[in-house]
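Written out below as structure tokens is the structure these notes cover.
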Protein chains: 2
Amino acid sequence: MTITENTFTGEFNYTLDSKGRLNIPSKFRSALSPENDGNFVITKGMDRCVVAYPVVEWQSRVEAGLRELSSTSQRNRLFVRSVTRYATTVRLDGQGRIQLTPYLKDYACLDRDVRIIGVVNKIEIWNPDDLENIEELSLEDFDDLSDIVIL
Amino acid sequence: MTITENTFTGEFNYTLDSKGRLNIPSKFRSALSPENDGNFVITKGMDRCVVAYPVVEWQSRVEAGLRELSSTSQRNRLFVRSVTRYATTVRLDGQGRIQLTPYLKDYACLDRDVRIIGVVNKIEIWNPDDLENIEELSLEDFDDLSDIVIL
DNA sequence: TAAGATTGTGGGTAGAAGTGGGTAAAAAAC
DNA sequence: GTTTTTTACCCACTTCTACCCACAATCTTA
């Protein structure tokens, strides 16, 4: 089984400690640790959150996608830069924690309380307030999309 | 026989114990335990209930669909998040019980008394009072739909 | 009907998970 | 080259979880 088949789900509340360390849910660690070097890549997410990919996910999906983007349009160039320049490979410490970069901590307004959610092939790290304030999907939209994913 | 052919039916009353554990009807356990890792996925249901899918159900219906969705549109991102963040893989303990997450327990207003019903390919977990109220509302539609599904 | 098996419920406990802090090595600054 | 800051590793403590055993009530079967 490849690591890309692993799916991250669930929601977890943690706190950044005084040293700026962030715990990673133990349910997610197994997808990161053994054959996957215990490393993953953190960078800027879409809606003011921090995203974390297992390195294989990052390489196959993100890097591959970024390579496809034509760099003739300035819009694309800006996008590719903003994704890659803030991307950092991080490693779990002995207790399963990571260290966020100052930029990402600032970008996602992470102070002390942090909410981590699993989103299929990646992990998202949020300020709890921001996550709550994200506009909920309208019911019509939800129903439309539920045709694709039958609940 | 594949697990997807299994159909859940019936209604059962249980109680959440002091540790927050919830018994799963023994009639449902056989569809979950042996070849299916004993795991299933619990998440938010449509009408303030908690739904539980056997993992294979979840993977074939939900995961497969979610992976197809492009995350470039915010609408899609909201949808994927709203599905995965509340989903948790749980395992039956030796006595056939599961542990609900605090969020889902709160969402479905589950305190002590709990009603579990089988709904074809999934299980629904309800506050008994909520379930009764829903039933009353849908009574007038029952006859209409009975034309399609002949009982 | 009696005996055994199954099921629902409760609780103890070892180990895991989350959190905090000390310290030495490494990096950066002076 | 020395000092200061930062990082990473280690250990410690608390809380929580999962596993185990127990037992009464119900169901099954001989």
Side-chain angles (χ1 to χ4, degrees), chain A residues 8-34 37-42 52 86-106 110-118 123 125-128, chain B residues 8-34 36-42 50 52 55 87-106 110-118 123 125-128:
Chain A
F8 299 109
T9 61
E11 176 170 318
F12 306 85
N13 290 309
Y14 293 109
T15 54
L16 286 174
D17 66 18
S18 56
K19 293 184 179 181
R21 293 175 297 193
L22 175 64
N23 199 27
I24 297 296
S26 65
K27 287 197 175 185
F28 294 169
R29 287 180 211 152
S30 58
L32 304 168
S33 260
D37 319 313
N39 292 339
F40 52 111
V41 177
I42 57 173
Y86 302 114
T88 313
T89 301
V90 292
R91 177 190 302 269
L92 296 171
D93 73 6
Q95 275 62 30
R97 295 171 292 195
I98 61 168
Q99 192 93 27
L100 295 175
T101 65
Y103 176 85
L104 291 176
K105 209 155 58 174
D106 186 61
L110 301 178
D111 181 28
R112 185 177 160 77
D113 292 324
V114 168
R115 187 162 295 164
I116 299 179
I117 62 179
I123 299 166
I125 301 166
W126 287 83
N127 177 316
Chain B
F8 299 109
T9 59
E11 175 169 316
F12 307 85
N13 290 307
Y14 293 109
T15 55
L16 286 174
D17 68 18
S18 57
K19 291 184 179 181
R21 294 175 296 193
L22 174 64
N23 198 26
I24 297 297
S26 64
K27 289 194 176 184
F28 294 169
R29 286 181 211 153
S30 59
L32 304 169
S33 258
N36 193 21
D37 318 313
N39 292 339
F40 52 111
V41 177
I42 56 173
V50 175
V55 275
T88 312
T89 301
V90 293
R91 177 191 303 269
L92 296 171
D93 73 6
Q95 276 61 31
R97 294 171 292 194
I98 61 168
Q99 191 94 27
L100 295 175
T101 65
Y103 178 85
L104 291 175
K105 209 156 57 175
D106 187 61
L110 302 178
D111 181 28
R112 185 176 160 77
D113 292 324
V114 168
R115 187 161 297 162
I116 298 180
I117 61 179
I123 300 166
I125 301 166
W126 287 84
N127 178 315

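Keep in mind it's a predicted model, so treat the numbers as computed, not measured. Below, read A as the first sequence line, B as the second, and so on, with proteins coming before strands; counting in each chain starts at 1.
Taking atom CG of residue Leu92(A) and atom P of nucleotide dA17(C), one finds them 13 Å apart after rounding to whole Å. Atom pair Asn23(B):CG and dT9(C):P shows a separation of 6 Å (rounding to whole Å applied). Between Lys27(A) atom NZ and dG18(C) atom C1' there is a gap of 15 Å when expressed in whole angstrom units. A straight line from CG of Asp17(B) to P of dG8(C) spans 14 Å, rounded to a whole angstrom. Rounded to a whole Å, the CG atom of Asp93(B) is 12 Å from the C1' atom of dG8(C). Here dT9(C) presents its P atom at 9 Å from CG of Leu22(B), a figure rounded to the nearest Å. Computed from coordinates, the Leu16(B) CG to dG10(C) P distance equals 10 Å when rounded to whole Å.
Taken over five-pair windows at either terminus, the axes of the helix from dT1(C)-dA30(D) to dC30(C)-dG1(D) are inclined to one another by 40° (rounded to 10 degrees).
Side-chain nitrogen and oxygen atoms of Ser26(B) include none within less than 4.0 Å of the OP1 or OP2 phosphate oxygen of dT6(C). OP1 and OP2 of dT9(C) both lie 4.0 Å or more from every side-chain N or O belonging to Tyr14(B). At dT19(C), one or more side-chain N or O atoms of Thr15(A) fall inside 4.0 Å of OP1 or OP2 (strictly under the cut-off). Regarding contacts with the backbone of dG8(C), a side-chain N or O of Arg29(B) is found under 4.0 angstrom from either OP1 or OP2.
Asn23(A) approaches Arg29(A) most closely through the heavy-atom pair OD1-NH2, 3.1 Å. Across Val114(A) and Leu16(A), no two heavy atoms sit closer than the pair CG2-CG, 3.8 Å.
Taking only distance into account, the side chain of Arg21(A) meets the base of dG21(C) through a donor-acceptor pair shorter than 3.5 Å.
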Review point. Step by step, would you call Leu110(B) with Leu22(B) a side chain to side chain contact (heavy atoms under 4.5 Å, CB included)?
Key: CA-CA 10 Å; Leu110(B) 302 178; Leu22(B) 174 64; 5.7 Å; no
Review point. What do the steps show when you test Lys105(B) against Ile125(B) for side chain to side chain contact (heavy atoms under 4.5 Å, CB included), and what is the final call?
Key: CA-CA 10 Å; Lys105(B) 209 156 57 175; Ile125(B) 301 166; over 6 Å; no
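Out of dT13(C), dG10(C), dG8(C), the shortest distance to the side chain of Arg112(B) is found at dG10(C).
Annotation: side chain to side chain contact (heavy atoms under 4.5 Å, CB included) contacts of Thr15(B) (sequence neighbours excluded): Arg112(B), Asp113(B). Applying the side chain to side chain contact (heavy atoms under 4.5 Å, CB included) rule to Asp17(B) yields the partners Lys19(B), Arg21(B), Arg97(B); only residues at least two apart in sequence or on another chain are considered. With sequence neighbours left out, the side chain to side chain donor-acceptor pair (under 3.5 Å) criterion links Asn127(A) to no other residue. Every residue meeting the side chain to side chain contact (heavy atoms under 4.5 Å, CB included) condition with Thr88(B), not counting sequence neighbours, appears here in chain and number order: Lys27(A), Ile42(B), Val90(B), Thr101(B). Asp111(A) pairs by the side chain to side chain donor-acceptor pair (under 3.5 Å) definition with nothing, not counting sequence neighbours. Scanning for ring-ring contact (aromatic ring centres under 6.0 Å, His included) contacts around Phe12(A) gives Phe28(A), with sequence neighbours left out. Every residue two or more places apart in sequence or in another chain that forms a side chain to side chain donor-acceptor pair (under 3.5 Å) with Tyr103(A) is listed here: Lys44(A).
A heavy-atom distance below 4.0 Å to DNA chain C is reached by these residues of residues 95-104 of chain A, ordered by number: Gln95(A), Arg97(A).
Nucleotides of DNA chain D with any atom under 4.0 Å from a heavy atom of chain B span, from 5' to 3', dA18(D) to dA22(D).
The CD1 atom of Ile98(B) sits 7.5 Å away from the CG atom of Leu92(B) when rounded to the nearest 0.5 Å.
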